[in-house]
Number of protein chains: 2
Amino acid sequence: MTISKLLLDSRNQKLLAALLKTPRASVTDLARRVGLSAPATRERLVRLEEAGVIKGWRVELDPKALGYPISILVRVRPMPGQLPKIIKLAQSIPQVTECHRITGEDCFLMRLHLRSLDELDGLLDKFLVYGQTTTSILQSSPVPPRALPLPNQSTG
Amino acid sequence: MTISKLLLDSRNQKLLAALLKTPRASVTDLARRVGLSAPATRERLVRLEEAGVIKGWRVELDPKALGYPISILVRVRPMPGQLPKIIKLAQSIPQVTECHRITGEDCFLMRLHLRSLDELDGLLDKFLVYGQTTTSILQSSPVPPRALPLPNQSTG
DNA sequence: TATGAAACACACTGAGT
DNA sequence: ACTCAGTGTGTTTCATA
């Protein structure tokens, strides 16, 4: 049994579910919803963070509001030996907000945010030095980022 | 000038920058860092939320810790007329934590989390009813999700 | 749109079970 | 591992500029 599983008793499941619903809830509020005292709830939160079950906290800003109305996805197929250069390039471009190494002929998938389509050429050119690119414009998100189901085990 | 721009004076820029660094900081702490009183800072936060500049707050859980060690990306090329069915299907599968409509021959890109590779066949089969799929396994993230640069304008 | 003071809620600690 | 109670800090409202 993994450390994680020990951490995922029914109370922590409730706690995580409550947190997913309202990430900014106070410990006191979470405690009420979980049926524990505030100190006990806090202790559980700290342990979940220490164990890495809770990886982090985020505030999500709207790219449009920040002046980036266009989101695109770019796949990159590196030329032989150019893989590390593409990584460095992606990291150095602030408009690249995600870059993933994936299996398949295209080794990378990245997400870029643009102020206008005019920016696209210049950005792609930078990558074309090291490989081929395939570009898609993001139109909508039928499933916007959402949480995975919790194990919902009955133990604990 | 858009509503957003009016909202992005230099103090709000500082405020958002502070929030991005430490999303769970207290209003009092943010106020100190921005150089305003707590009530004023709180007021600004509320407005930024109401205007949609702050889209939401997230707690990020580790998929591995929840029992989903494998992340994959699937592109789907729908057969004619099957596009809405694919959307519904994606929404109905909890392992699909993101699904994006994109331009190109593959209309959808989605992200799935698996308990094991054995799950893959069954999941892909569901989509293969409505179109072709291309699957990649996510190996690493040279650029893990990060924030866009703020406008950093001098006005305000 | 900001501030300061006051009322209230929350976080955190320590002692006890 | 939890609860309870006490203390200090943060949050929120209101009056005011």
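Letters A, B, ... mirror the listed sequences (proteins, then strands); counts begin at 1.
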So does B:Thr28 get a side-chain nitrogen or oxygen closer than 4.0 Å to the phosphate oxygens (OP1/OP2) of D:dT11? yes
Pick base, sugar-phosphate or nothing for B:Ser37, based on heavy-atom distances below 4.0 Å to the nucleic acid. base
Euclidean distance, atom CZ of residue A:Arg24 to atom C1' of D:dG10 [Å, nearest integer]: 13 Å
Atom CG of A:Leu15 to atom P of D:dA1: distance rounded to whole Å? 14 Å
Check whether any side-chain N or O of A:Arg11 sits under 4.0 Å from OP1 or OP2 of D:dA1, and answer yes or no. no
Pairing donors with acceptors under 3.5 angstrom, does anything connect the side chains of A:Thr22 and A:Arg33? yes
Whole Å only: how far is the CG atom of B:Asp29 from the C1' atom of C:dC10? 16 Å
Pair B:Asp106 + B:Arg101, salt bridge at N-O below 4.0 Å: no
Within the structure, does a side-chain N or O atom of A:Arg47 lie under 4.0 Å from either OP1 or OP2 of D:dA1? yes
Report the distance from atom CZ of B:Arg44 to atom P of D:dT12, rounded to the nearest whole Å. 17 Å
A:Leu45 CG to D:dC2 P, straight-line distance once rounded to whole Å: 12 Å
Between D:dG10 and B:Arg42, is there an OP1 or OP2 to side-chain N/O distance shorter than 4.0 Å? no
State whether A:Arg32 places a side-chain N or O below 4.0 Å from either non-bridging phosphate oxygen (OP1 or OP2) of C:dC10. yes
Assess the side chains of A:Thr97 and A:His113: does a donor N or O sit below 3.5 Å from an acceptor N or O? yes
Nearest-0.5 Å distance that lies between atom OH in B:Tyr130 and atom CD1 in B:Ile87: 12.5 Å
Less than 4.0 Å between a side-chain N and a carboxylate O, is that true for A:Arg11 and A:Glu43? no
Can you measure B:Glu43 atom CD to D:dT13 atom C1' for me and round it to whole angstrom units? 12 Å
Checking contacts here: which listed nucleotide (C:dA11, D:dC2, C:dA2) is nearest the side-chain heavy atoms of A:Val27? C:dA11
Provide, to the nearest angstrom, the distance between the CG atom belonging to A:Leu30 and the P atom belonging to C:dA9. 18 Å
Which of C:dG4, D:dT11, C:dT1 is nearest the side chain of B:Pro39? It is C:dG4
